[in-house]
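Working notes, beginning with the structure itself.
The model shown is predicted, which means the values in this text are computed figures rather than measured ones.
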Amino acid sequence: MPRQHKTFRAIEVGDGTDGRWAAHVQGRWPAAEGWLSEEGRRAAGAARARRLFETHLPELVPVLDRLAGQLDRAGGETYLTHAALRPFFSGCTQAGAPGVLLRNYDFEPARCEGTIVSSRFLRPVIGTLEEGWGLLDGMNDAGLAVSLTFGGRYVHGPGFSVLIVLRYLLETCDTVGEAVAALRGIPVGIPQNITLVDAERAVTVYVGPDIPLTEAPDACAANHQNLPVAEEHERFTRTQERLATVRAAVRAHGVDAAAMLRPPLYQYAYDAGLGTVYTAEYRPAEGRVIHHWPAATWEQSFHAFTPGERTVALGEEAARP
C-alpha cells in the first residue's frame, strides 16, 4: 500500500466568543454545509431540529446560540444542532477500564477532520473535533472520557448525530453513571456503541433509533451490537474478529495502546473508508490524551495544551520500522 500522509491540528477555542472557533468552522463551511439533510434545509425541518435540541440538550442552548451567532452562516444554527445531519457510518474499535479509554478511529482519511480541540463552552473539554463542535471522543475536567463506534446496523430514525451527544455528556456529566442516565433520554439517529470511563468504572452501551439503551457485557466495542453478524458485514468490517482480538488483548495486557497499532485492530482498508486514522489513549483522571500513529505520538493535557499541527504517515508502509 502506498504511504499516505495526513495533517492533524490542535486548536484552542475557549468559550467560542473570541473568533477562534468561528474562524476554524467558517474555513470548513462549504464541506460542513453539505452534511445538512434536505429536511434541515427547509424551515419546518430547521424548527423541528431546534425544538429537539431545546428538549433534550437544554444546558447547551446558550452555547448553541453563542456559536451560531459567531458562525453567522445561513443554516448554521440548524447544522450545529446535529439534529438535521445526514447519517455517516465508520469503523472503529475501542476498549475501556477504570481510568483509561483507548480507541482506534477507522474512516476515510480525507473525510476525517483531524482536529484536536480544547474548549471551555461550559467546562474544560479536550476531544477530537468533527462537524462544528461535535466530538468523536473526548474527556472533561471531572475525569470522564467517552468515545463512539458505529453500531453496524444501517437504520436511521429521528434523533441526533452521536457527535453532539458526546459533547453534551462531557459538558454536563461528571461520572459514567450520570452519563449513562443522561443517554437514556437522548434520541440518537443511527446505531452507535458508546464507551464511557471514569476513575472507578468503564462501560460500553448500545444505543440507536430502534432499541433501548443496552449495556454491553464489557467495556469493549467494535461495529456490531448483537449476534449473529451478517457474513457480508463481517467480511467487510471484521467486527467480530476485532472485538475478540481487543478483548483478548485486554485480558492479557490490560488496555494497551500497542495492541491497537497491530492488525487486525489497526486497519489498512483506506480505499474502503475503514483504515485506521488515529489511535487515542485517554487518561482522564490525569487530564491527558495521547494520539498514537505507527511512527509518532502527540500528547495533550488540560495543564499543557499546545496548539499546532503534525503531519503523520498512515498505512502499511508507515507501520514498518
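The number of heavy-atom neighbours closer than 6.0 Å to CD of E309, taken from other residues, nucleotides and ligands shown, is above 12. Heavy atoms from other residues, nucleotides or ligands lying under 6.0 Å from CD of E59 number more than 12.
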Worked check of side chain to side chain contact (heavy atoms under 4.5 Å, CB included) between R66 and D15: CA-CA 9 Å; R66 187 162 75 234; D15 67 358; 4.0 Å; yes
Side chain to side chain contact (heavy atoms under 4.5 Å, CB included) evaluation trace for V25 with W133: CA-CA 9 Å; V25 179; W133 58 320; over 6 Å; no
Pair T195-S147, side chain to side chain donor-acceptor pair (under 3.5 Å): steps then yes or no: CA-CA 5 Å; T195 300; S147 66; 4.8 Å; no
Verdict with supporting geometry, L67 and F121, side chain to side chain contact (heavy atoms under 4.5 Å, CB included): CA-CA 10 Å; L67 297 183; F121 295 140; 3.9 Å; yes
Pair N104-T279, side chain to side chain donor-acceptor pair (under 3.5 Å): steps then yes or no: CA-CA 4 Å; N104 277 7; T279 300; 2.6 Å; yes
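Between the side chain of Q225 and the backbone N or O of V207, at least one donor-acceptor pair lies under 3.5 Å. At least one donor-acceptor pair under 3.5 Å links the side chain of N140 to the backbone N or O of L170. At least one donor-acceptor pair under 3.5 Å links the side chain of R103 to the backbone N or O of L136. Looking only at distances, no side-chain donor or acceptor of D218 sits under 3.5 Å from a matching main-chain atom of V203. Side chain of W298 to main chain of V289: no donor-acceptor pair is present (N/O by atom type, distance under 3.5 Å, no hydrogens or angles). Within the 3.5 Å criterion, the main-chain N or O of G138 finds no donor-acceptor partner in the side chain of R167.
Side-chain contact between I164 and T81 is absent, with no heavy-atom pair separated by less than 4.5 Å. Counting only heavy atoms from C-beta outward, the side chains of V125 and M139 never approach each other to under 4.5 Å. Contact of the Y206 side chain with the I194 side chain is not registered, since no non-hydrogen atoms from C-beta on lie closer than 4.5 Å. Between E171 and S119, the closest side-chain pair of non-hydrogen atoms falls below 4.5 Å. A heavy-atom distance below 4.5 Å is not found between the side chains of H5 and V312. In this structure the side chain of V165 never reaches within 4.5 angstrom of the side chain of Q192, judged on heavy atoms. Within the 4.5 Å cutoff, no side-chain heavy atoms of E215 are placed close to those of V180. Two residues are said to be in side-chain contact when any heavy atoms from C-beta on lie closer than 4.5 Å; V13 and D18 fail this criterion.
Ion pair D256/R262 not flagged as a salt bridge, since none of the NZ, NE, NH1 or NH2 atoms sits closer than 4.0 Å to an Asp/Glu carboxylate oxygen. One finds no salt bridge joining R42 and E38 here, because no Lys/Arg side-chain nitrogen approaches an Asp/Glu carboxylate oxygen to under 4.0 Å. Using a 4.0 Å cut-off between charged nitrogen and carboxylate oxygen, R235 and E231 count as a salt-bridge pair. Checked for salt-bridge contact, R41 and E39 miss the test: no charged N lies under 4.0 Å from a carboxylate O. A salt bridge links E299 with R288: the closest approach of a Lys/Arg side-chain nitrogen to an acidic carboxylate oxygen falls below 4.0 angstrom. Using a cut-off of 4.0 Å between Lys/Arg side-chain N and Asp/Glu carboxylate O, D141 and R120 are scored as not salt-bridged. Looking at E241 and R238, a side-chain N of the basic residue comes within less than 4.0 Å of a carboxylate O on the acidic one, giving a salt bridge.
Outside the 6.0 Å centre-distance limit, the rings of F160 and H82 are not counted as a close aromatic pair.
For Q300 against F305, the heavy-atom pair with the smallest separation is OE1-CA, 3.3 Å. The two atoms that bring P109 and Y270 nearest to each other are CG-CD2, 3.4 Å, heavy atoms only. Residues K6 and C112 share a closest heavy-atom pair of NZ-O, 2.6 Å.
A perpendicular orientation is assigned to the rings of F88 and W35, their planes being inclined by more than 60° (bins at 30° and 60°). Aromatic ring pairs are classed by plane angle as parallel below 30°, tilted from 30° to 60° and perpendicular above 60°; the pair Y105 and F107 is tilted.
Side-chain contact of T175 with D198: a donor-acceptor pair under 3.5 Å is absent, judged by distance alone. One side chain, D106 or T276, offers a donor N or O that lies under 3.5 Å from an acceptor on the other. A side-chain donor from one of T93 and R242 sits under 3.5 Å from a side-chain acceptor of the other. Of the N and O atoms on the side chains of Q240 and H224, not one donor lies less than 3.5 Å from an acceptor on the other residue. Under the 3.5 Å distance criterion, with hydrogens and angles disregarded, no donor-acceptor pair is assigned to the side chains of T237 and N223.
The same ILVMFWY cluster, assembled from side-chain heavy atoms under 4.5 Å apart, contains both F302 and I11.
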